[in-house]
Amino acid sequence: MLFSKKYNYLKKGLNKKSGKNFRGKITVYHKGGGNKNLYRFIDFKHKNKQGKVIKIQYDPNRSCFIALMFNFIENKYYYILAPQNLKVGDTVYNYSINDILKNKDIKVGYSMPLYNIPLNVPIHNIELKQNKGGSLVRSAGNSAFILKKDSEINGFAYVKLSNLRIKKIPLVCIATIGKLSNPYHSLVNLRKAGMSRNLNKRPVVRGVAMNPIDHPHGGGEGKASGGRVSVTPWGLITKGRKTVKNKKHEY
């Protein structure tokens, strides 16, 4: 609590949407309620050149932990995603494209262009476009690694993600070394319905338990299965259908 007032500029209050758009129409189902949260601003663009770890904190807006850093050069605080094995007191350096030809230490928490990162080293918070900020591999326990790289600086790195997809990313894009913290996030037992409601989750009702007017699977005598393939409330196939389009940067 000694630092609470010093880094209040890193947080802001969030308005509750409850899954509704500006007209009040529900666009995201099973959302609503929940505790009040403050959004923490994370340094995804690697703007701070160096910093010391002050503490590791929980963030209600993401599954992994975050680290509160102090930048000695600019005398200010900032947040980063906390990788595993990052400890209080560690110093972290962020190397930019201007340092691409310099020798660098390969340590957990360090950020640098893909051109400087060796093969088969776990990385996270990866940029897809130069100076856009990290957008890949940001969830708890997640990591990726480089399979191969082109020899030229203007070339590409072929990065393998945890879902086995391979992305073709420019070598000038920046990533952070290490595997993200909180690897057992998916094993948490919520214990009671009230914990789900505190996390902004509303109950989910099965389609076969509804009336025919509410869902294509609804109606029937007894426990009827619907008599058709699984579909959404709007009649679209929901099992086995691809939901991701092939993108230009996929290899």
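Numbers for residues simply follow the sequence, beginning at 1.
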Does the [X] side chain pair with the main chain of [Y], one donor and one acceptor, at a distance under 3.5 Å?
X	Y	answer
K149	G155	no
R197	A193	no
N48	Q50	no
N189	R191	yes
N21	G24	yes
Q84	S181	no

Rounded to the nearest 0.5 Å, how far does [atom2] of [Y] lie from [atom1] of [X]?
X	Y	atom1	atom2	result
K179	I123	NZ	CD1	13.5 Å
S143	L180	OG	CG	8.0 Å
S135	K129	OG	NZ	9.5 Å
N182	L81	CG	CG	12.0 Å
K168	F156	NZ	CZ	5.0 Å
D43	K45	CG	NZ	10.0 Å

Residue pair D99, K102: steps toward the salt bridge (Lys or Arg N to Asp or Glu O under 4.0 Å) verdict: CA-CA 5 Å; D99 309 317; K102 298 179 182 178; 3.4 Å; yes

Aromatic Y158 / basic K148 pairing, under 6.0 angstrom, 45° off normal: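 Judged by the rule, K148 and Y158 form a cation-pi pair.
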
Cation-pi, F70 ring and K52 (6.0 angstrom, 45 degrees):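 Judged by the rule, K52 and F70 form no cation-pi pair.
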
Residue pairs, two or more places apart or on separate chains, that pass side chain to side chain donor-acceptor pair (under 3.5 Å) and touch residues 110-127: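 Listed by first then second residue: H46-S111, N94-S111, S111-T176.
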
Check whether [X] and [Y] end up in the same hydrophobic cluster, where Ile, Leu, Val, Met, Phe, Trp and Tyr are linked by side-chain heavy atoms less than 4.5 Å apart.
X	Y	answer
I177	I174	no
L68	L86	no
I126	M112	yes
M69	I42	no
I100	L114	yes

Residues L147, V159; criterion side-chain contact (heavy atoms from CB on, under 4.5 Å); working and verdict: CA-CA 6 Å; L147 286 177; V159 179; over 6 Å; no

Taking the side chain as every heavy atom from C-beta outward, state whether [X] and [Y] have any pair of such atoms under 4.5 Å apart.
X	Y	result
E152	D150	no
L171	N154	no
I97	Q130	yes
R165	K160	no
Y77	L10	yes
K132	F44	no
L38	N61	no
V121	I146	no

Pairing residues for E74 by the side-chain hydrogen bond (donor to acceptor under 3.5 Å, both in side chains) criterion, not counting sequence neighbours: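 side-chain hydrogen bond (donor to acceptor under 3.5 Å, both in side chains) list for E74, sorted by chain: K76.
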
side-chain contact (heavy atoms from CB on, under 4.5 Å) between R138 and S63, worked out: CA-CA 9 Å; R138 302 193 332 193; S63 54; over 6 Å; no

What pair of heavy atoms forms the shortest contact from [X] to [Y], and how long is it?
X	Y	answer
P216	P233	CD-O, 3.6 Å
I66	R40	CD1-CG, 4.0 Å
P113	S96	CG-O, 3.8 Å
G33	S18	N-OG, 4.3 Å

F72/K49 under side-chain contact (heavy atoms from CB on, under 4.5 Å): CA gap, chis, key distance, verdict: CA-CA 10 Å; F72 292 101; K49 296 299 180 183; over 6 Å; no

Connected-component partners of Y39 among ILVMFWY, side-chain separation under 4.5 Å: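 L14, F41, all in the cluster of Y39.
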
ILVMFWY clustering at 4.5 Å (side-chain atoms), partners of L187: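 Members besides L187, by chain and number: Y184.
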
Counting only heavy atoms from other residues, nucleotides and ligands, does the tally under 6.0 Å from [atom1] of [X] exceed 12?
X	atom1	result
K31	NZ	no
K20	NZ	no
L119	CG	yes

Sequence neighbours excluded, every pair satisfying salt bridge (charged side-chain N to carboxylate O under 4.0 Å, His left out) that has a member inside residues 62-72: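 Residue pairs with at least one partner in residues 62-72: D59-R62.
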
Donor-acceptor list for residues 199-214 side chains, cut-off 3.5 Å, not counting sequence neighbours:
residue, atom, partner, partner atom, Å
N200, OD1, G32, N, 3.1

Residues S162, N142; criterion side chain to side chain donor-acceptor pair (under 3.5 Å); working and verdict: CA-CA 7 Å; S162 58; N142 204 355; 3.0 Å; yes

